[in-house]
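Down below is the structure, laid out as C-alpha coordinates.
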There are 2 protein chains.
Amino acid sequence: MFSIGELSLRTGVKVPTIRYYENAGLLEAPERTSGNQRRYSRSGLERLSFISHARALGLSIEDIRELVELASDPERPCGEAHHIASAHLASVRARIRKLKKLERELMRIVKISDADCVGECHVIQSLADHALCESDH
Amino acid sequence: MFSIGELSLRTGVKVPTIRYYENAGLLEAPERTSGNQRRYSRSGLERLSFISHARALGLSIEDIRELVELASDPERPCGEAHHIASAHLASVRARIRKLKKLERELMRIVKISDADCVGECHVIQSLADHALCESDH
DNA sequence: TGTACAACCTCCAGCCACTAGAGGTTCAAG
DNA sequence: CTTGAACCTCTAGTGGCTGGAGGTTGTACA
(Lines give C-alpha, C1' and ligand atoms only; values in the text may rest on other atoms or scores of the structure.)
Protein backbone atom coordinates (compact mmCIF):
# COMPACT_ATOMS: atom_id res chain seq x y z
CA MET A 1 0.00 0.00 0.00
CA PHE A 2 1.42 3.33 -1.09
CA SER A 3 0.53 6.84 -0.05
CA ILE A 4 0.08 9.35 -2.84
CA GLY A 5 3.56 10.73 -2.09
CA GLU A 6 5.20 7.34 -2.45
CA LEU A 7 3.33 6.78 -5.69
CA SER A 8 4.59 10.12 -6.90
CA LEU A 9 8.18 9.19 -6.06
CA ARG A 10 7.93 5.83 -7.77
CA THR A 11 6.36 7.10 -10.97
CA GLY A 12 7.74 10.61 -11.21
CA VAL A 13 4.21 11.99 -11.55
CA LYS A 14 3.54 14.98 -9.30
CA VAL A 15 1.06 14.64 -6.49
CA PRO A 16 -1.49 17.18 -7.78
CA THR A 17 -1.27 15.57 -11.20
CA ILE A 18 -2.16 12.18 -9.73
CA ARG A 19 -5.23 13.69 -8.14
CA TYR A 20 -6.00 15.38 -11.44
CA TYR A 21 -5.87 12.04 -13.26
CA GLU A 22 -8.22 10.55 -10.72
CA ASN A 23 -10.58 13.45 -11.17
CA ALA A 24 -10.38 13.15 -14.94
CA GLY A 25 -11.41 9.51 -14.74
CA LEU A 26 -8.10 7.98 -15.87
CA LEU A 27 -7.09 6.58 -12.53
CA GLU A 28 -9.49 4.59 -10.41
CA ALA A 29 -10.27 6.15 -7.04
CA PRO A 30 -8.16 4.20 -4.54
CA GLU A 31 -9.02 3.02 -1.07
CA ARG A 32 -8.80 5.52 1.74
CA THR A 33 -7.53 5.35 5.29
CA SER A 34 -9.97 6.09 8.09
CA GLY A 35 -8.53 9.60 7.95
CA ASN A 36 -9.46 9.96 4.25
CA GLN A 37 -5.98 9.65 2.78
CA ARG A 38 -5.46 7.72 -0.44
CA ARG A 39 -3.78 4.32 -0.31
CA TYR A 40 -2.76 2.71 -3.57
CA SER A 41 -2.19 -0.93 -4.41
CA ARG A 42 0.28 -2.29 -6.91
CA SER A 43 -2.35 -2.20 -9.64
CA GLY A 44 -2.81 1.52 -9.01
CA LEU A 45 0.92 1.95 -9.46
CA GLU A 46 0.85 0.04 -12.73
CA ARG A 47 -2.08 1.99 -14.02
CA LEU A 48 -0.36 5.26 -13.24
CA SER A 49 2.81 4.09 -15.00
CA PHE A 50 0.72 3.30 -18.04
CA ILE A 51 -0.84 6.76 -18.01
CA SER A 52 2.46 8.50 -17.44
CA HIS A 53 4.14 6.61 -20.22
CA ALA A 54 1.32 7.28 -22.64
CA ARG A 55 1.43 10.99 -21.77
CA ALA A 56 5.20 10.98 -22.33
CA LEU A 57 4.45 9.62 -25.79
CA GLY A 58 2.19 12.61 -26.29
CA LEU A 59 -1.19 10.91 -26.22
CA SER A 60 -4.05 13.12 -25.08
CA ILE A 61 -6.01 12.53 -21.89
CA GLU A 62 -8.96 11.67 -24.10
CA ASP A 63 -6.97 9.01 -25.99
CA ILE A 64 -5.68 7.56 -22.76
CA ARG A 65 -9.14 7.42 -21.28
CA GLU A 66 -10.15 5.30 -24.23
CA LEU A 67 -7.11 3.04 -23.97
CA VAL A 68 -7.78 2.55 -20.28
CA GLU A 69 -11.30 1.41 -21.07
CA LEU A 70 -10.05 -0.90 -23.79
CA ALA A 71 -7.47 -2.38 -21.47
CA SER A 72 -10.11 -3.27 -18.93
CA ASP A 73 -12.26 -4.97 -21.57
CA PRO A 74 -10.24 -7.83 -23.07
CA GLU A 75 -12.97 -8.57 -25.61
CA ARG A 76 -12.20 -5.78 -28.00
CA PRO A 77 -8.89 -4.10 -27.32
CA CYS A 78 -6.44 -4.67 -30.09
CA GLY A 79 -7.92 -3.16 -33.21
CA GLU A 80 -9.01 0.04 -31.58
CA ALA A 81 -5.86 0.41 -29.53
CA HIS A 82 -3.85 -0.05 -32.68
CA HIS A 83 -5.96 2.58 -34.38
CA ILE A 84 -5.35 5.11 -31.61
CA ALA A 85 -1.62 4.45 -31.64
CA SER A 86 -1.23 4.73 -35.39
CA ALA A 87 -3.41 7.84 -35.58
CA HIS A 88 -1.11 9.35 -33.01
CA LEU A 89 1.94 8.29 -34.98
CA ALA A 90 0.52 10.07 -38.00
CA SER A 91 -0.03 13.25 -36.02
CA VAL A 92 3.49 13.11 -34.60
CA ARG A 93 4.82 12.84 -38.13
CA ALA A 94 2.72 15.78 -39.25
CA ARG A 95 4.09 17.84 -36.38
CA ILE A 96 7.64 16.91 -37.32
CA ARG A 97 7.06 18.01 -40.90
CA LYS A 98 5.62 21.31 -39.76
CA LEU A 99 8.45 21.98 -37.34
CA LYS A 100 11.01 21.25 -40.02
CA LYS A 101 9.46 23.90 -42.20
CA LEU A 102 9.70 26.31 -39.31
CA GLU A 103 13.28 25.31 -38.73
CA ARG A 104 14.23 26.13 -42.31
CA GLU A 105 12.39 29.43 -42.12
CA LEU A 106 14.02 30.43 -38.86
CA MET A 107 17.45 29.39 -40.06
CA ARG A 108 17.02 31.64 -43.02
CA ILE A 109 15.94 34.55 -40.87
CA VAL A 110 18.73 34.07 -38.37
CA LYS A 111 21.34 33.62 -41.07
CA ILE A 112 20.40 36.80 -42.88
CA SER A 113 20.60 38.81 -39.73
CA ASP A 114 23.92 37.17 -38.88
CA ALA A 115 25.41 38.20 -42.17
CA ASP A 116 24.20 41.74 -42.24
CA CYS A 117 23.47 43.31 -38.94
CA VAL A 118 23.58 46.98 -39.70
CA GLY A 119 20.82 49.50 -40.17
CA GLU A 120 17.42 47.90 -40.55
CA CYS A 121 16.82 44.74 -38.57
CA HIS A 122 16.40 41.75 -40.82
CA VAL A 123 14.82 39.55 -38.20
CA ILE A 124 11.98 41.96 -37.84
CA GLN A 125 11.81 42.60 -41.57
CA SER A 126 11.66 38.91 -42.34
CA LEU A 127 8.98 38.35 -39.79
CA ALA A 128 6.94 41.23 -41.11
CA ASP A 129 7.00 40.18 -44.71
CA HIS A 130 5.41 36.85 -45.30
CA ALA A 131 6.09 37.17 -49.00
CA LEU A 132 9.75 36.53 -48.26
CA CYS A 133 8.93 33.08 -46.98
CA GLU A 134 9.92 30.06 -48.94
CA SER A 135 7.13 27.83 -47.71
CA ASP A 136 3.52 28.38 -46.84
CA HIS A 137 2.29 28.44 -43.28
CA MET B 1 -9.55 52.29 -43.41
CA PHE B 2 -10.60 48.73 -42.66
CA SER B 3 -13.22 47.37 -40.34
CA ILE B 4 -12.14 44.54 -38.11
CA GLY B 5 -13.91 42.08 -40.43
CA GLU B 6 -12.00 43.30 -43.48
CA LEU B 7 -8.76 43.06 -41.54
CA SER B 8 -9.67 39.53 -40.63
CA LEU B 9 -10.31 38.62 -44.27
CA ARG B 10 -7.06 40.18 -45.45
CA THR B 11 -4.86 38.55 -42.81
CA GLY B 12 -6.69 35.32 -42.09
CA VAL B 13 -6.73 36.14 -38.38
CA LYS B 14 -10.12 35.63 -36.77
CA VAL B 15 -12.00 38.62 -35.45
CA PRO B 16 -11.97 37.62 -31.76
CA THR B 17 -8.26 36.86 -32.07
CA ILE B 18 -7.60 40.37 -33.36
CA ARG B 19 -9.38 41.81 -30.35
CA TYR B 20 -7.41 39.43 -28.17
CA TYR B 21 -4.12 40.72 -29.60
CA GLU B 22 -5.20 44.27 -28.95
CA ASN B 23 -6.10 43.35 -25.41
CA ALA B 24 -2.79 41.57 -24.93
CA GLY B 25 -0.90 44.68 -25.99
CA LEU B 26 0.47 43.35 -29.28
CA LEU B 27 -1.70 45.40 -31.54
CA GLU B 28 -2.15 49.13 -31.02
CA ALA B 29 -5.70 50.17 -30.25
CA PRO B 30 -7.02 51.61 -33.53
CA GLU B 31 -9.20 54.63 -34.17
CA ARG B 32 -12.92 54.23 -33.64
CA THR B 33 -15.96 55.47 -35.51
CA SER B 34 -18.41 57.70 -33.68
CA GLY B 35 -20.33 54.49 -33.01
CA ASN B 36 -17.30 52.88 -31.33
CA GLN B 37 -16.34 50.46 -34.08
CA ARG B 38 -12.66 49.83 -34.83
CA ARG B 39 -11.15 51.28 -38.01
CA TYR B 40 -7.67 50.17 -39.00
CA SER B 41 -5.09 51.90 -41.14
CA ARG B 42 -2.56 50.20 -43.38
CA SER B 43 -0.03 50.22 -40.57
CA GLY B 44 -2.46 48.25 -38.42
CA LEU B 45 -2.74 45.73 -41.20
CA GLU B 46 1.02 45.43 -41.44
CA ARG B 47 1.42 45.05 -37.73
CA LEU B 48 -1.17 42.29 -37.65
CA SER B 49 0.57 40.48 -40.51
CA PHE B 50 3.77 40.63 -38.55
CA ILE B 51 2.08 39.14 -35.49
CA SER B 52 0.32 36.49 -37.46
CA HIS B 53 3.47 35.45 -39.24
CA ALA B 54 5.46 35.31 -36.02
CA ARG B 55 2.75 33.19 -34.42
CA ALA B 56 2.80 30.87 -37.43
CA LEU B 57 6.51 30.46 -36.77
CA GLY B 58 5.60 29.42 -33.25
CA LEU B 59 6.83 32.46 -31.33
CA SER B 60 5.03 33.09 -28.08
CA ILE B 61 2.88 36.13 -27.42
CA GLU B 62 5.52 37.23 -24.93
CA ASP B 63 8.30 36.99 -27.54
CA ILE B 64 6.21 38.87 -30.03
CA ARG B 65 5.42 41.59 -27.53
CA GLU B 66 9.14 42.09 -27.13
CA LEU B 67 9.78 42.10 -30.88
CA VAL B 68 7.03 44.63 -31.37
CA GLU B 69 8.68 46.89 -28.84
CA LEU B 70 12.07 46.42 -30.47
CA ALA B 71 10.61 47.19 -33.87
CA SER B 72 9.25 50.49 -32.66
CA ASP B 73 12.59 51.49 -31.14
CA PRO B 74 15.17 51.57 -33.94
CA GLU B 75 17.97 52.30 -31.48
CA ARG B 76 18.45 48.76 -30.18
CA PRO B 77 16.60 46.20 -32.22
CA CYS B 78 18.95 43.89 -34.02
CA GLY B 79 20.94 42.06 -31.38
CA GLU B 80 17.97 41.30 -29.20
CA ALA B 81 15.72 40.38 -32.07
CA HIS B 82 18.38 38.05 -33.34
CA HIS B 83 18.65 36.55 -29.89
CA ILE B 84 14.91 35.87 -29.70
CA ALA B 85 14.86 34.32 -33.13
CA SER B 86 17.82 32.05 -32.53
CA ALA B 87 16.58 30.98 -29.10
CA HIS B 88 13.37 30.04 -30.81
CA LEU B 89 15.23 28.14 -33.48
CA ALA B 90 16.98 26.16 -30.76
CA SER B 91 13.69 25.29 -29.12
CA VAL B 92 12.17 24.22 -32.43
CA ARG B 93 15.13 21.92 -32.94
CA ALA B 94 14.74 20.47 -29.47
CA ARG B 95 11.09 19.79 -30.19
CA ILE B 96 11.98 18.05 -33.43
CA ARG B 97 14.46 15.80 -31.65
CA LYS B 98 11.91 14.91 -29.02
CA LEU B 99 9.21 14.16 -31.56
CA LYS B 100 11.56 11.94 -33.52
CA LYS B 101 12.14 9.84 -30.44
CA LEU B 102 8.40 9.52 -30.03
CA GLU B 103 8.06 8.61 -33.66
CA ARG B 104 10.52 5.74 -33.29
CA GLU B 105 8.81 4.55 -30.14
CA LEU B 106 5.36 4.65 -31.68
CA MET B 107 6.55 2.93 -34.82
CA ARG B 108 7.87 0.13 -32.72
CA ILE B 109 4.61 -0.20 -30.80
CA VAL B 110 2.46 -0.08 -33.90
CA LYS B 111 4.68 -2.52 -35.76
CA ILE B 112 4.62 -5.10 -33.00
CA SER B 113 0.87 -4.99 -32.84
CA ASP B 114 0.69 -5.22 -36.62
CA ALA B 115 2.72 -8.36 -36.64
CA ASP B 116 1.02 -10.16 -33.85
CA CYS B 117 -2.53 -9.19 -33.15
CA VAL B 118 -3.89 -12.12 -31.22
CA GLY B 119 -4.52 -12.60 -27.55
CA GLU B 120 -3.00 -9.87 -25.40
CA CYS B 121 -2.88 -6.43 -26.92
CA HIS B 122 0.67 -5.31 -27.60
CA VAL B 123 -0.17 -1.65 -27.94
CA ILE B 124 -1.46 -1.61 -24.41
CA GLN B 125 1.33 -3.82 -23.17
CA SER B 126 3.98 -1.62 -24.71
CA LEU B 127 2.41 1.47 -23.28
CA ALA B 128 2.20 -0.07 -19.86
CA ASP B 129 5.76 -1.21 -19.67
CA HIS B 130 8.21 1.60 -19.89
CA ALA B 131 11.08 -0.87 -19.53
CA LEU B 132 10.38 -1.98 -23.09
CA CYS B 133 11.25 1.46 -24.39
CA GLU B 134 14.41 1.98 -26.32
CA SER B 135 14.90 5.58 -25.36
CA ASP B 136 14.29 7.56 -22.22
CA HIS B 137 11.44 10.01 -21.90
C1' DT C 1 -36.16 58.37 -45.19
C1' DG C 2 -37.15 54.08 -43.19
C1' DT C 3 -35.97 49.40 -42.39
C1' DA C 4 -33.71 45.15 -42.29
C1' DC C 5 -29.91 42.59 -41.03
C1' DA C 6 -25.04 41.65 -41.08
C1' DA C 7 -21.40 43.09 -38.64
C1' DC C 8 -19.92 45.18 -34.83
C1' DC C 9 -19.44 46.03 -29.52
C1' DT C 10 -18.26 44.26 -24.47
C1' DC C 11 -18.00 40.88 -21.16
C1' DC C 12 -17.82 36.33 -19.54
C1' DA C 13 -16.99 31.28 -19.81
C1' DG C 14 -14.63 27.36 -21.60
C1' DC C 15 -10.84 24.62 -23.77
C1' DC C 16 -6.31 21.48 -22.31
C1' DA C 17 -3.30 19.55 -18.93
C1' DC C 18 -1.75 20.73 -15.43
C1' DT C 19 0.22 23.82 -11.34
C1' DA C 20 0.01 26.60 -7.20
C1' DG C 21 -1.97 28.26 -3.14
C1' DA C 22 -5.10 28.69 0.94
C1' DG C 23 -6.69 26.77 4.83
C1' DG C 24 -7.47 22.80 7.34
C1' DT C 25 -6.57 17.60 8.89
C1' DT C 26 -3.93 13.24 9.55
C1' DC C 27 -0.04 10.22 10.03
C1' DA C 28 4.12 8.60 12.05
C1' DA C 29 8.47 9.26 14.35
C1' DG C 30 10.59 10.50 18.59
C1' DC D 1 1.91 13.41 23.50
C1' DT D 2 3.90 16.52 20.51
C1' DT D 3 5.71 17.99 16.30
C1' DG D 4 5.77 18.78 11.57
C1' DA D 5 5.71 16.70 7.06
C1' DA D 6 2.43 15.01 4.27
C1' DC D 7 -2.07 14.75 3.27
C1' DC D 8 -7.02 16.62 2.22
C1' DT D 9 -10.45 19.75 -0.70
C1' DC D 10 -11.38 23.66 -3.25
C1' DT D 11 -10.40 27.50 -6.13
C1' DA D 12 -7.84 30.06 -9.44
C1' DG D 13 -4.29 30.74 -12.79
C1' DT D 14 -1.41 29.45 -17.00
C1' DG D 15 -1.39 30.34 -22.74
C1' DG D 16 -3.70 31.41 -26.75
C1' DC D 17 -7.35 31.61 -28.24
C1' DT D 18 -12.73 30.53 -29.25
C1' DG D 19 -17.62 30.88 -28.63
C1' DG D 20 -21.78 32.77 -26.82
C1' DA D 21 -25.12 36.20 -24.81
C1' DG D 22 -27.12 40.35 -25.19
C1' DG D 23 -27.01 44.74 -27.07
C1' DT D 24 -25.55 48.54 -30.76
C1' DT D 25 -24.03 50.35 -35.38
C1' DG D 26 -23.30 50.61 -40.33
C1' DT D 27 -24.96 50.13 -44.86
C1' DA D 28 -27.66 48.57 -48.81
C1' DC D 29 -31.90 48.79 -50.70
C1' DA D 30 -37.10 50.10 -51.20
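Being a predicted model, the structure only gives us computed values, none of them experimental. Below, read A as the first sequence line, B as the second, and so on, with proteins coming before strands; counting in each chain starts at 1.
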Query raised in the report: More 5' along DNA chain C: A:Y20 or B:G35, using each one's nearest nucleotide?
Result: B:G35
Query raised in the report: Quick one: on DNA chain C, does A:R39 or A:T17 contact a more 5' nucleotide (nearest heavy atom)?
Result: A:T17
Requested in this report: First locate atom NZ of B:K100, then atom CZ of A:R93, and finally report the distance between them rounded to the nearest 0.5 Å.
Outcome: 10.5 Å
Query raised in the report: Hey, what do you get for CG (B:L27) to OG1 (B:T17), rounding to the nearest 0.5 Å?
Result: 11.5 Å
**Report entry** Side-chain touch A:S3/A:R39, heavy atoms, less than 4.5 angstrom
**Finding:** yes
Could you state the atom-to-atom distance from [atom1] of [X] to [atom2] of [N] in whole Å?
| X | N | atom1 | atom2 | answer |
| --- | --- | --- | --- | --- |
| B:L59 | D:dC17 | CG | P | 12 Å |
| B:F2 | D:dG26 | CZ | P | 18 Å |
| A:R65 | C:dC16 | CZ | P | 9 Å |
| B:N36 | C:dC9 | CG | P | 8 Å |
| A:M1 | C:dC27 | CE | P | 15 Å |
| B:I18 | C:dT10 | CD1 | C1' | 16 Å |
| B:L26 | D:dC17 | CG | C1' | 12 Å |
| B:L7 | C:dC8 | CG | C1' | 14 Å |

Within the structure, does a side-chain N or O atom of [X] lie under 4.0 Å from either OP1 or OP2 of [N]?
| X | N | answer |
| --- | --- | --- |
| B:R38 | C:dT10 | yes |
| A:S60 | C:dC16 | no |
| A:R32 | D:dT9 | yes |
| A:S3 | D:dA6 | no |

Requested in this report: Side chain of B:I4 only, please: which of C:dC8, D:dG16, C:dA17 is the nearest?
Outcome: C:dC8
Query - Nearest-nucleotide 5' precedence on DNA chain D, B:Q37 against B:K14 - result: B:K14
Requested in this report: Go through B:I61 and B:Y20 one step at a time and tell me if the side-chain contact (heavy atoms from CB on, under 4.5 Å) criterion holds.
Outcome: CA-CA 11 Å; B:I61 296 289; B:Y20 168 79; 4.3 Å; yes
Query - N-O pairing of B:R19 and B:E22 below 4.0 Å - result: no
Report task. Give one of base, sugar-phosphate or nothing for B:R19, where a contact means two heavy atoms less than 4.0 Å apart. Result -> base
